Amino acid sequence: MKNVQLNVNTMTMKKKELKVSFYLRSNYSKSGKSPVMIRVNYDGEVLPLGSAGISATPSKWKGGFVGRSEEAVKGRMICDDIKKSIQALFEEWYPRQTMFCLKNFREHYKAKLCDSSKSSSKNFSEVISSWMEFQEERREAGVIRSNTCRTRRSLVKIILRYVEENDVKLEYLDKEYVNRLEIGLLRLNLTANTVNTCVNILRSVCNYAIEQKWMTMYPLKGVQRLKTTAVIRYLTIEELRALLAVRAKGKTKVVKDIFEFMTLTSLAYSDVFRLSPAHLHKDNNQITIRIRRQKTSVECVIPLLQRASEILDKYRKNKEDDREEIFPYFKLMEFNTRLNILAKEAGLNKKLTSHMARHTFGSIAVSNGVHLKAVQKCMGHKSITTTERYSSMQTSALQQEINKLEVIQL
């Protein structure tokens, strides 16, 4: 019993002070202010708690409000009050814990100081910013990829351009508001696909708000997606030959080789730079790529053509580790920039992207009579319906079939 009492006393002696600090989010509103966010630090572990519910002018902030302006004086008072409330809540919560976890305190904080009784004071823009902060936490924890988080951050900035000028309390968020938002986003010259993606973000935001008990009813029921027509952009065989005939050197030559390899194998940007010798298999003297697509986890089975094998051998030299990537990595923006330099030299009046290589493979394969099931297996499509898009593009093949009717005598 004495040992247990000694351990309890020792734990009590080691309890440290919870440090509360504030920082500014990087995004700005139309007024030039940034949201003030809260973070806590306990024994070296740092955890964000969310929004403080106020904003600050960056020039009047240096680790906290500075100066004697009305904004700074009021801001300091609010931050001091928040800090005292959090520390008092921690002092009340800590002794009841048998196993300490700072994330558990955050849940306790949200339940006590951010309960549903405050939902009426929350603006939609504040909830969107809180949701984005949650996405950043998921990225740091490895739950979502950095590229996914970056895309969501960009979309949130677009959404906030409208919402900050037409902000509403959560209880007034409804289908009509979202319909007006869609019109507002279309007036920003966004495509229907981008607007649909923004609405999907809002759906996630609403579900997040319900989980946080900031709202009780899902307000977007009945909101329809804008109708869109998918346009597949690809290179014709003549355009591809013109592109590959361009003389290039240095990194631009490498980009040309990788793009050509992608058109011969259907590999997407995210997969071609993961390709390693471990993905290469020899079946009946035929080298085959077997790799699961990063996007869908569906396995692609791609027998290599001779030219694809030559490019592979060129970059495979001196690769001793089977897990080492074969091709040198390029950021997507640099890859597309160098690709368009080649397109300009080739006299192509098209803006090229890395993904056009994949569509070019599908188009050329189907137009040359490759069976749709084989194309589906190479491209790693979950559904044959996705592969059938390429057959609907081939008007020349349709003309050849219809020409067979010439033999009919009326």
Side-chain angles (χ1 to χ4, degrees), residues 229-245 255-316 322 325-327 335 339 350 352-405:
T229 302
V231 178
I232 298 177
R233 299 173 63 243
Y234 63 98
L235 295 177
T236 65
I237 189 67
E238 293 78 14
E239 290 172 331
L240 181 60
R241 284 171 179 160
L243 183 75
L244 299 180
V255 166
K256 189 178 88 165
D257 288 344
I258 296 173
F259 186 81
E260 182 181 3
F261 184 81
M262 293 164 73
T263 62
L264 295 169
T265 59
S266 83
L267 286 179
Y269 167 86
S270 57
D271 298 320
V272 74
F273 290 110
R274 294 191 299 116
L275 188 66
S276 69
H279 294 119
L280 305 178
H281 301 269
K282 201 166 186 179
D283 302 319
N284 299 323
N285 294 324
Q286 170 70 53
I287 297 178
T288 303
I289 295 175
R290 291 180 178 270
I291 186 171
R292 290 197 176 275
R293 290 191 65 200
Q294 189 169 9
K295 181 179 178 181
T296 61
S297 296
V298 175
E299 185 183 47
C300 300
V301 180
I302 311 165
L304 284 186
L305 299 171
Q306 182 178 350
R307 175 55 186 157
S309 295
E310 291 172 0
I311 297 172
L312 205 59
D313 291 341
K314 176 180 176 181
Y315 290 93
R316 243 183 108 184
D322 275 357
E325 290 83 1
I326 294 174
F327 294 108
F335 189 92
L339 196 57
K350 284 185 178 180
L352 269 56
T353 66
S354 63
H355 204 65
M356 286 178 71
R358 184 169 166 82
H359 290 322
T360 299
F361 172 91
S363 171
I364 293 175
V366 172
S367 64
N368 282 276
V370 179
H371 197 281
L372 285 179
K373 282 286 185 182
V375 179
Q376 179 190 14
K377 193 67 177 175
C378 288
M379 300 188 75
H381 289 153
K382 281 185 176 181
S383 170
I384 191 68
T385 305
T386 307
T387 316
E388 286 172 348
R389 296 179 304 169
Y390 298 105
S391 61
S392 65
M393 294 156 41
Q394 308 306 323
T395 55
S396 58
L398 176 63
Q399 183 66 52
Q400 289 175 11
E401 294 299 314
I402 294 299
N403 285 344
K404 295 176 182 177
L405 298 177

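None of these values were measured; they are calculated from a predicted model.
Partners of Lys382 by side chain to side chain donor-acceptor pair (under 3.5 Å), not counting sequence neighbours: none found.
Counting only heavy atoms from C-beta outward, the side chains of Leu339 and Thr353 never approach each other to under 4.5 Å. Put simply, the side chain of Gln376 does not reach to within 4.5 Å of the side chain of Thr386, judged on heavy atoms. In this structure, the side chains of Ile326 and Phe273 stay at 4.5 Å or more apart for every pair of heavy atoms. Proximity of His359 to Tyr390: side-chain heavy atoms (C-beta onward) are separated by under 4.5 Å at one or more points. Residues Leu280 and Arg316 meet the side-chain proximity criterion, which asks for heavy atoms closer than 4.5 Å.
Considering every non-hydrogen atom in both Ser266 and Ile302, the closest pair reads OG-CD1, 4.2 Å.
The backbone N or O of Leu244 lies less than 3.5 Å from no partner atom in the side chain of Glu260, so there is not a single donor-acceptor pair. Of the possible polar contacts, one joining the Glu239 side chain to the Thr236 backbone as a donor-acceptor pair under 3.5 Å is found. Between the Lys350 side chain and the Tyr234 main chain, a donor and an acceptor come within less than 3.5 Å of each other. Although no hydrogens or angles enter the test, the distance criterion places no donor-acceptor pair under 3.5 Å between the side chain of Asp271 and the main chain of Leu267.
With values rounded to the nearest 0.5 angstrom, Phe335 atom CZ is found 6.0 Å from Ser354 atom OG. One distance of note links CZ of Phe361 with CG of Leu240; it measures 12.5 Å at 0.5 Å rounding. For the atom pair CE of Met262 and CG of Leu275, the computed distance is 11.5 Å after rounding to the nearest 0.5 Å. Note that the CD1 atom of Ile287 and the CG atom of Asp313 stand 6.5 Å from one another [nearest 0.5 Å]. Rounding to the nearest 0.5 Å gives a distance of 11.0 Å between CD1 of Ile258 and OG1 of Thr265. Atom SG of residue Cys300 and atom NE2 of residue His279 lie 10.5 Å apart, to the nearest 0.5 angstrom.
Within 6.0 Å of the NE2 atom in His281, the count of heavy atoms belonging to other residues, nucleotides or ligands exceeds 12. Counting heavy-atom neighbours within 6.0 Å of Gln306 CD, excluding the residue itself, gives a total of 12 or less.
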Can you give the donor-acceptor pairs under 3.5 Å from side chains of residues 290-299 to other protein atoms, not counting sequence neighbours?
residue, atom, partner, partner atom, Å
Arg292, NH1, Ser297, O, 2.8
Thr296, OG1, Val298, N, 3.4

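Aromatic pair Phe327/Tyr315: ring centres closer than 6.0 Å.
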Inset, instruction - Check the pair Leu235 / Leu243 against side-chain contact (heavy atoms from CB on, under 4.5 Å), numbers first and verdict last. - result: CA-CA 9 Å; Leu235 295 177; Leu243 183 75; 4.1 Å; yes

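Electrostatic pairing of Glu325 and Arg274 does not count as a salt bridge here, judged by no charged N lying under 4.0 Å from a carboxylate O. Comment: Arg241 does not engage Glu238 in a salt bridge, judged by the lack of any side-chain N to carboxylate O separation of less than 4.0 angstrom.
Using modelled atom types and a 3.5 Å distance limit, the side chains of Thr387 and His381 yield a donor-acceptor pair.
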